[in-house]
Amino acid sequence: MMEILYNSTRSKGNPVKASEAILKGLSEDGGLFVPERIPALDKTLEELSEMTYGQVAYEVMKLYLTDFTQQELLDCIAKAYDEKFDTEEIAPMVEADGAYYLELFHGATIAFKDMALSILPHLLTTSAKKNQVKNEIVILTATSGDTGKAALAGFADVEGTRIIVFYPKNGVSPIQEKQMVTQKGKNTYVVGIHGNFDDAQTGVKQIFGDRELAAYMDEKGFQFSSANSINIGRLVPQIVYYVYAYVKLLKEERIQNGEKINVVVPTGNFGNILAAFYAKQMGLPIDKLICASNENKVLYDFFRTGTYDKNREFVLTTSPSMDILISSNLERLIYRIAGNDPDKNKELMSALTQGGIYTITDEMKAQLVDFYGNYASEEETSTKIHDLYDSTGYVIDTHTAVASCVYDKYLKETGDDKPAVIASTASPYKFTRSVMNAIDHKYDSMGDFELVDRLSEISKVEIPKAIEEIRTAPVVHNQVCEKNEMKKTVMEFLGI
Ligand SMILES: *Cc1c(COP(=O)(O)O)cnc(C)c1O
C-alpha cells in the first residue's frame with residue numbers, strides 16, 4: 001500500500017505520518033494536517049456492499065492511516081464500534097418523505113460526534129505507543145455541546161490521558177450541559193466559560209500554539225492533543241459512514257451501481273461535510289454536497305459570494321452545535337482550492353484572524369461547484385420538525401431539521417431529485433425541549449424529563465440509555481471561568 005503523509009495547510013516541508021498527525025492534532029505552525037493526496041477506494045462498491053460497518057471502516061481507514069498495522073487498526077475498530085451503539089448497524093438509515101435520513105446518533109452520547117470519538121481515543125493511544133510517547137496526553141477540547149460529551153465519554157479513564165473540555169456556559173442545551181457536568185472518570189474536567197463557542201475554540205487554539213507552555217508541559221510530563229474535528233483522527237472515521245450509506249442503498253437496490261446521490265449535511269465546523277467531500281474524491285458517486293447552516297449563515301454567504309466574513313452578530317439558535325462563525329475545517333478546503341498552496345492559504349487565514357474576513361479568487365471559487373449552500377431560519381426549522389412529524393410520524397432533531405429545510409430549498413431551486421442522504425446528526429432526545437415545542441406548544445410548560453417521556457410516547461422510540469443515565473446522575477463538575485482564564489484553568493487542573 002502507498003504510504004500517505006500529512007502536510008500542514010500553512011507551511012511546506014516536514015510531512016508527518018498519520019500517527020504523528022493524530023498525536024499533534026494541530027501542526028506547530030497553526031495549520032491543519034491534510035493528506036498529501038486523497039486515496040481512491042480499492043474495493044468495488046459491490047464488494048463494500050457486502051460488508052459490515054466495521055469492515056467498511058477498515059477498508060476506508062487503512063487507506064489514510066498507512067503507518068498503522070492491520071492488527072492495530074482492526075483492534076481500534078473493534079473497540080470503537082461495539083455495544084456502545086444501540087444498533088448493530090451502527091449507522092441505520094430511515095426513509096421519510098422521499099429522503100434518506102442517515103442516523104448517526106446511535107452511540108454513547110446520541111450525537112454524530114460518537115462516530116469518530118468512539119475510535120479517536122484508541123487511535124491516539126495506539127499512536128502514542130507507536131511513537132514511544134512517555135508523556136501523559138492531555139486532550140483539550142472546545143465544544144459547542146456535542147463534541148465535549150462525546151470526547152469525555154470516549155476518553156474517560158483511558159490510561160495515559162486526561163481530558164479538559166471548555167463549553168460556552170449559556171450556549172448549550174440543558175440536556176447537553178447535564179450530560180457533561182455529570183461525566184464520571186478521574187481524568188475528566190469540564191469548565192463552562194463566559195463566552196461563546198468561538199471564544200472557547202480561539203482560547204484552545206491559543207493554548208495549543210503556546211510554545212513556552214508546551215515546553216513547560218513537556219518538562220512536567222504532559223503534552224496536548226486535540227479531540228476537535230481539526231484532528232485527522234476525527235476526520236478519517238467520518239468518511240466511513242458516507243461510503244457505508246451509499247453501499248447500503250446499493251445493497252437494498254434503492255440505487256444502481258454508480259448512480260450519483262446528493263448528500264445534505266447540517267454544518268458548523270465543516271468537519272462532517274468535509275468528510276463527505278473526501279468520500280467523493282475517493283471515488284464515491286456523490287454529486288452535490290449540500291451545506292446547511294442555521295441563522296449563523298457565514299458559510300451560505302461564503303458559497304454565494306466567495307467572501308468569508310465572521311463580522312456579524314453571533315445568533316444563539318435551537319441548533320447550538322451549529323452556532324459557529326469560524327468553521328475551522330474550511331481551511332482544509334481553502335488550502336485545496338488554492339492548489340495546495342500553503343502560502344496563499346496562510347495569507348487568507350491571517351486575514352481571518354486579523355480582520356475576520358477574506359475573499360477567495362475567482363479561480364478558487366470556480367472549484368466550489370460541488371457545493372451548494374443555504375440556510376434555515378429558526379421558524380423554518382421548527383416548522384419542518386412539526387410538518388415531518390405530522391405527515392410521517394418521524395421525529396428529527398433541530399440540527400437535522402436545518403438540513404432537511406435546506407434540502408427542500410435545494411429541490412425547489414434546482415429540481416435535482418437524485419436520491420438524497422441527509423446526515424441526521426443528533427437524536428431528538430438531545431434537544432427535547434426545542435423539538436417538542438416545535439411539535440406542539442402545549443408542551444412548553446413541562447419539565448425537561450417529562451418532555452423526554454412525552455417524546456417517547458409520540459415517537460414510539462425508546463428512551464436512549466444516555467438520557468436515562470443523566471436523569472438522576474449527580475453534578476460533579478461546576479467550574480466556570482472567564483474566556484481569558486482558560487490557560488490558567490488548564491494549569492491548575494494539571495497541578496503545574
Ligand atoms: C457538531 C454537530 C454538527 C456540525 O458538524 P460539523 O462537523 O462541526 O460541521 C451538526 N449537528 C450536530 C448535532 C452536531 O453535534
Side-chain angles (χ1 to χ4, degrees), residues 32 99-102 104 112-113 144 146 197 229-230 234-235 238-239 241-242 245 260-281 284 286-310 312 315 317 319-337 352 358-360 364-377 380-381 384 396-414 416 418-426:
L32 275 57
Y100 299 103
Y101 288 84
L102 177 63
L104 302 171
F112 97 96
K113 305 293 196 293
S144 55
D146 291 333
F197 170 72
S229 59
I230 50 174
R234 280 271 307 269
L235 197 57
Q238 292 182 175
I239 302 169
Y241 45 78
Y242 291 107
K260 287 204 168 163
I261 63 167
N262 291 322
V263 166
V264 193
V265 186
T267 297
N269 227 352
F270 210 75
N272 201 0
I273 195 165
L274 188 75
F277 177 69
Y278 280 15
K280 175 172 172 145
Q281 304 305 313
L284 197 70
I286 294 176
D287 189 16
K288 285 285 187 241
L289 300 150
I290 300 171
C291 176
S293 300
N294 64 21
E295 289 181 4
N296 294 293
K297 58 183 182 58
V298 194
L299 288 166
Y300 163 65
D301 293 336
F302 170 69
F303 283 120
R304 205 165 38 96
T305 63
T307 295
Y308 193 96
D309 183 1
K310 75 160 183 99
R312 59 181 77 204
V315 188
T317 72
S319 45
S321 303
M322 297 160 68
D323 289 347
I324 291 175
L325 294 179
I326 307 172
S327 299
S328 292
N329 274 292
L330 187 67
E331 178 168 347
R332 289 185 161 111
L333 183 65
I334 297 295
Y335 170 81
R336 187 185 169 89
I337 61 175
L352 181 63
Y358 63 79
T359 301
I360 59 173
M364 289 169 75
K365 189 160 185 281
Q367 294 179 63
L368 295 176
V369 284
D370 293 338
F371 289 88
Y372 167 90
N374 213 326
Y375 76 103
S377 70
E380 288 167 329
T381 305
K384 181 77 213 190
I396 56 176
D397 97 290
T398 44
H399 304 74
T400 309
V402 167
S404 190
C405 277
V406 166
Y407 177 56
D408 290 345
K409 291 185 182 183
Y410 174 77
L411 258 183
K412 201 162 160 218
E413 227 172 83
T414 64
D416 172 12
K418 287 188 195 72
V421 169
I422 297 177
S424 182
T425 49

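Positions are given from 1, in the same order as the sequence printed here.
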What verdict does the side-chain contact (heavy atoms from CB on, under 4.5 Å) test give for F277 and R336, after you've listed the backbone C-alpha separation in whole Å, the side-chain angles of each residue and the deciding distance to 0.1 Å? CA-CA 11 Å; F277 177 69; R336 187 185 169 89; 3.5 Å; yes
For V402 and S293, work out which heavy atoms get closest and say how close. CG1-O, 3.2 Å
S319 side chain to T398 side chain, donor-acceptor N/O pair below 3.5 angstrom: no
Measuring from atom CD of Q367 to atom CD1 of I337, what distance do you get when rounded to the nearest 0.5 angstrom? 6.0 Å
Mind checking whether S144 and P320 have side chains closer than 4.5 Å, heavy atoms only? no
Mind running side-chain contact (heavy atoms from CB on, under 4.5 Å) on V406 and I290 for me, showing each step along the way? CA-CA 8 Å; V406 166; I290 300 171; 3.7 Å; yes
Quick check: do P419 and I261 have side-chain heavy atoms less than 4.5 Å from each other? yes
Just by distance, with hydrogens left out, do Y242 and N272 show a side-chain donor and acceptor under 3.5 Å apart? yes
What distance do N262 atom CG and K418 atom NZ have between them, rounded to the nearest 0.5 Å? 5.0 Å
Any donor-acceptor pair under 3.5 Å linking the side chain of T425 with the backbone of A423? no
Residue pair D416 / Y372, side-chain donor-acceptor N/O under 3.5 Å: no
Side chains of N269 and N329: do they bring a donor and an acceptor to under 3.5 Å? no
When you check the gap from the basic side-chain N to the acidic O, do D370 and K288 get nearer than 4.0 Å? no
Donor-acceptor pair, side chain of D323 and main chain of T317, under 3.5 angstrom: yes
Please report the closest heavy-atom contact between G268 and S327, naming both atoms and the distance. O-OG, 2.6 Å
Considering the options T307, I334, T359, which one meets the side chain to side chain contact (heavy atoms under 4.5 Å, CB included) requirement together with F302? I334
Tell me, do I422 and Y100 make a side-chain contact under 4.5 Å, heavy atoms counted? no
Should K412 and D408 count as an ion pair when the cut-off is N to O under 4.0 Å? no
Does L352 reach the side chain of I326, with side-chain heavy atoms less than 4.5 Å apart? yes
Would you find more than 12 non-hydrogen atoms of other residues, nucleotides or ligands less than 6.0 Å from Y308 atom OH? yes
Give the C-alpha distance, both sets of side-chain angles, the deciding distance and a yes or no for side-chain contact (heavy atoms from CB on, under 4.5 Å) between L299 and F270. CA-CA 9 Å; L299 288 166; F270 210 75; 3.9 Å; yes
Rounding to 0.5 Å, atoms OH (Y407) and NZ (K384) come to a distance of 10.0 Å
State the CG-CZ distance between L289 and F303, to the nearest 0.5 angstrom. 8.5 Å
Exercise: identify the closest heavy-atom pair between T267 and V265: OG1-O, 2.9 Å
What's the shortest heavy-atom distance between I396 and A401, and which atoms? CD1-CA, 3.6 Å
Distance, nearest 0.5 Å, that separates CG of L274 from CD of E331: 11.5 Å
Non-hydrogen atoms of P266 and H399 that approach each other most closely: CB-O, 3.3 Å
Could you tell me whether a side-chain N or O of K280 sits under 3.5 Å from a main-chain N or O of I286, the two making a donor and an acceptor? yes
For the atom pair OG (S404) and OH (Y101), what is the distance rounded to the nearest 0.5 Å? 3.0 Å
Which heavy atom of N374 sits nearest to which heavy atom of E413, and what is that distance? ND2-OE2, 3.7 Å
Plane angle bin for Y375 and Y300 - parallel if under 30°, tilted between 30 and 60°, otherwise perpendicular: tilted
Using a 3.5 Å distance criterion without hydrogens, assess whether the side chain of R234 forms a donor-acceptor pair with backbone atoms of G271. no
Would you say N296 and M322 make side-chain contact, with heavy atoms under 4.5 Å? no
Could you check F112 against Q238 for side-chain contact (heavy atoms from CB on, under 4.5 Å), going step by step and ending with a plain yes or no? CA-CA 9 Å; F112 97 96; Q238 292 182 175; 3.5 Å; yes
May I ask you to decide if D301's main-chain N or O and T305's side chain share a donor-acceptor pair within less than 3.5 Å? yes
